[in-house]
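I have placed the structure first, in the form of structure tokens, so that the comments after it can refer back to it.
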Amino acid sequence: MISLKEIRERSIKFAKEWEDATNEKQQAQSFWIDFFKIFDVSPRSMQFEYPIKKIDGSQGYIDVFWRGQLLIEQKSKGKDLEKAKEQAFEYLPNLKQRDLPKFILACDFVEFYLHDLDTKQDYRFVISELPKNIELFIFIAGYQKKTYKEEEPTNRAAAELMGKLHDKLLENGYSGHQLELFLTRLLFCMFAEDTGIFPKNSFREFIENQTDESGRDLGSQINYLFELFDTPNEKRQKNLDESFAQFPYINGSIFTEQLKTAHFDRSMREMLLDACAFDWSLISPSIFGSMFQASMDVSKRGELGAHFTSETNILKAIKPLFLDELSEEFEKIKNNQKQLQIFHAKISNLKFLDPACGSGNFLVIAYRELKLLEFEVLKALKILTQLVHIDQFYGFEIEELPSRITQTAMLLCDHQMNLLFAQMFGEPHFNIPIKDSANIFHVNALRVDWENLLEGVQIDFIIGNPPFLGKQEMKKEQKEDMDFVFKGIKNGKELDFVTAWYIKSAHYSQNRKTKVALVSTNSITQGEQVGILWQEMFNRYHVKIHFAHKTFKWSNEARKNAAVYCVIIGFASYDIKEKRLFEYESVKSEPHEIKVQNINPYLVNGDDFFITSKRNHIQTFIPQIVFGSMPNDGGNLLFTDEEKEEFLKAEPNSVKYMKPLISAKEYLNGKRRWCLWLKECPPNELKSMPKVLERVENIRKLRSESTREATQKLAKFPALFGEDRQAENDYIFIPLTSSENRDYIPMEFFTKESIANNTASIVPNATLYHFGILTSKMHMDWVRYVCGRLKSDYRYSNEIVYNNFPFPLEVTEKQKEQIEQLAQNILDIRAEFAQSSLADLYNPLTMPPKLLKAHETLDRAVDKLYSKTLFKTDIQRVAHLFELNRQLTSLIVEDGKKAKKSLKNIAK
């Protein structure tokens, strides 16, 4: 590609030569041939006197036409250029969509009048001013007029074009590895002709001018081109036609393999030309890679972009991992030439790994940001020697197509950075023929030894977003991978798939200064997974969390945003003094950073600490919690209001066995359900109720035909719930799932006559005092940090949340009575709004002020039971509870003064 400096010099010469010419219309062709020589563009790309019908149907001729790029209307000196521009617009409706130009240029030899059809902007200047306006035309040489777009529609449109061609080729039997590699090569070619690797529009013009309209020879011609891309210029045949010779030697593995010929027809040729007409310089390699991969799968095409990681989220990981630190270092030394040289060498030796690189999003953005930093260094040093290259970047990927896309995306990004370098420094510097490429390995990262695969290369930074899969979503092979990684680790099978990369990264980082940052589902910082994963991370690998983004909603520019709630955790096998914690007001808001001394696995400022499942409460004097009863009845024992009335008409004697069924959804939304509770029903009565007996028989059949052995055994007791945990006295009802938007989980007292089902937990033998503590902000803050989540909703857990929650110690009777009164007040106020559901009462937008005030009064009273010092934030409460839990679980309670003294110290 010609340098901008050379373009400017040529434009000066052109302006001088033509400024004093006679400037007659017949000289137009010579004028424009000389003009395009400024940019090293062959006149064979142009069409002079291109025939076209006008809007009114009359015959017209475009003076100079460059398909898809530029339409020139040439006039004699002194003619009205506004009218010339209007004339040019008359040609547009009869041009093919793919041939529509990006610019219209009217000229009378003296004056240039350029109209940008994208931005609708006009530019007018005389020929002597061409050199200072020459940047308006650098798109002719392949320079990007503007930087690539982040917007999803641009990348989506490109991916959809490739998807159409993919479907046609697949339909005709061109498939698998051959098809994927073929399309990857086409992608490279189209990007190359729009960004200066090839002459502008050369690949498109080759197809239009050198292949038959029927498409019959297109596949063979393209294959020959691919062969040339892998052939050095000196080894090419001497009599090669110019249409082939114009293409450079590419090198690199992308064109090495010989492919079968893909057979095209007329419609497929048109599809490829439509794809070529797209401006591929506008795509973002970081986004397009994921979309391109999805476009190859028809079942996923409707959600193109739904699961790629947005640049915003990638930067959340990259910046605190390495970029912020390097940028700060540069700012400190940018006026010191010697230190700058050392810094330049340092960043050129850094090595980066994405061990689940997919389509290369993280690697592309990391490379781009490192290059931008290097450009700042070059400006400060006043040199042009680039040292940062894409071979500093490594990736592991289990699937072949995304691994190839990553390789290609890195080359595209490299070229975009070289174009930017040329624009910033005026000197072209291109990696063509390809000398450097990213090191992308098509391997199962969970099965290979990373150190052996990297052959001694020391990775400085590991970064990425491994697959988001829970244990229920994993395929057989993935479960086997988990068994391999977590061999010997208790309950490792309960973990999300992403945690395997935590273990592999921690293992690799041993005795190294490697830093790691992984985007993950927030479930690894909640519930049971915390104890399983972080016990291993802390005790075996001695990692320390250096920075973390607390839960935020996954966002991208796709039409259908993936509903994923993520965290980002940065860690290493060594400690640092100051950690960075990024908090969010809500999962959709922007983060704010706080500096902390330590970050624990719950992403809280506190000591490294994790909670493990407890079968019983850590305090023996607290009532035990159990799950509600599970019917396992196929719906035969359950009724709505209407169904109950109908059933009682047919079987009136069953009324005394019809009990209220309390399930979380109905409870929260003010609905009612019923169940047949036949536990105390004598056999003779059961036999006398044929409609009941019919349902019991249905249950027996359903259970006996189950594939689960445990369910088959339940067929012996068809009249009973599958699991009966109903309390024998009053109990507190706790919904297992509750909206994150609620400040409090609505809980309630029920009598033993109301049957709680398995969507809730119950606390029998509980008092108003226990209810007051459980419905307080103290307990809710504990829930928020400790419980698991269903999407972003709270998922209450008996063994993690309740059994580990420290109730206040050494509470006086007076204090207990106060809590009971305040708790009863909340229940009384709820009763005043009997027509409103609990979902409405606890919706922050509709919660009655008096109910909110009652809760806040209770909150203050409960806080005082834990500490005489006022808690200012949620984090302070949770940190206090963590410490209380840690001491309680480590305390060996014995009869004696030592144990009592310890308990008193904890209470303080």
Side-chain angles (χ1 to χ4, degrees), residues 155 180-181 184 187 252-254 284-294 296-297 305 307-311 313-318 321-322 350-371 389-414 436-451 453-455 457 459-469 478 481 485 497-505 508-509 514-520 554 556 566 568 570:
N155 299 281
E180 293 172 354
L181 183 53
T184 305
L187 165 64
S253 61
I254 189 170
S284 162
S286 66
I287 295 174
F288 180 75
S290 296
M291 289 194 176
F292 180 67
Q293 181 185 349
M296 300 301 103
D297 185 337
H307 297 284
F308 72 83
T309 313
S310 69
E311 182 174 325
N313 288 341
I314 293 173
L315 288 172
K316 286 178 182 177
I318 285 175
L321 180 66
F322 70 88
L350 296 174
K351 300 291 189 292
F352 301 80
L353 168 67
D354 184 341
C357 66
S359 299
N361 315 44
F362 277 81
L363 293 176
V364 166
I365 299 298
Y367 175 60
R368 186 194 75 193
E369 293 301 312
L370 196 65
K371 287 297 291 184
H389 300 294
I390 56 173
D391 60 2
Q392 295 171 231
F393 291 79
Y394 295 75
F396 302 156
E397 173 52 43
I398 193 169
E399 294 183 39
E400 181 185 8
L401 176 60
S403 67
R404 288 190 178 279
I405 292 171
T406 298
Q407 192 85 54
T408 305
M410 287 295 284
L411 289 172
L412 302 190
C413 181
D414 183 47
D436 306 310
S437 59
N439 306 280
I440 309 302
F441 298 89
H442 174 209
V443 295
N444 181 346
L446 300 184
R447 294 285 184 157
V448 298
D449 184 304
W450 292 7
E451 189 168 1
L453 187 61
L454 293 166
E455 296 181 336
V457 172
I459 298 297
D460 297 283
F461 302 103
I462 296 172
I463 192 166
N465 64 322
F468 296 168
L469 296 172
Q478 292 165 330
D481 288 341
V485 174
F497 197 38
V498 66
T499 58
W501 277 265
Y502 274 76
I503 296 297
K504 292 286 286 187
S505 298
Y508 176 84
S509 66
T514 305
K515 292 182 180 180
V516 184
L518 298 175
V519 181
S520 319
W554 189 272
N556 57 47
C566 297
I568 300 173

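If you're wondering where the values come from, they're calculated on a predicted model, not measured in any experiment. Basis for what follows: all heavy atoms, side chains included, without hydrogens, waters or symmetry-related copies.
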Between atom [atom1] of [X] and atom [atom2] of [Y], what is the distance when rounded to the nearest 0.5 Å?
X	Y	atom1	atom2	answer
Ile390	Asp414	CD1	CG	4.5 Å
Ile318	Phe461	CD1	CZ	11.0 Å
Glu180	Glu400	CD	CD	6.0 Å
Asn444	Ile398	CG	CD1	4.0 Å
Gln407	Ile440	CD	CD1	5.5 Å
Thr406	Leu401	OG1	CG	9.0 Å

Among Phe393, Phe362, Tyr367, exactly one meets ring-ring contact (aromatic ring centres under 6.0 Å, His included) together with Phe352. Which residue is that?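 Option passing the ring-ring contact (aromatic ring centres under 6.0 Å, His included) with Phe352: Phe393.
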Least distance between heavy atoms, [X] atom then [Y] atom:
X	Y	result
Trp450	Ala445	NE1-O, 2.7 Å
Leu518	Ser505	CD1-OG, 4.3 Å
Val498	Ser520	CG2-OG, 3.9 Å
Ser437	Leu411	CB-CD2, 4.4 Å
Ile568	Asn313	CD1-O, 3.8 Å
Val443	Leu453	CG2-CD2, 3.8 Å

Kindly indicate whether the side chain of Leu454, heavy atoms from C-beta on, has any atom under 4.5 Å from the side chain of Lys351.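 A side-chain contact under 4.5 Å is absent here.
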If we only count heavy atoms from C-beta on, is the Pro466 to Tyr502 side-chain gap below 4.5 Å?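 Pro466 vs Tyr502: side chains apart.
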Side chain of [X], backbone of [Y]: donor and acceptor closer than 3.5 Å?
X	Y	answer
Asp460	Lys515	no
Trp501	Pro355	yes
Lys504	Val448	yes
Ser359	Ile405	no
Tyr508	Ile459	yes
His442	Glu397	no

For the pair Phe396 and Phe441, name the ring-plane relationship: parallel under 30°, tilted 30 to 60°, perpendicular over 60°.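 Phe396 and Phe441: perpendicular rings.
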Given side-chain contact (heavy atoms from CB on, under 4.5 Å), test Glu369 with Leu315 step by step and report yes or no. CA-CA 9 Å; Glu369 293 301 312; Leu315 288 172; 4.1 Å; yes
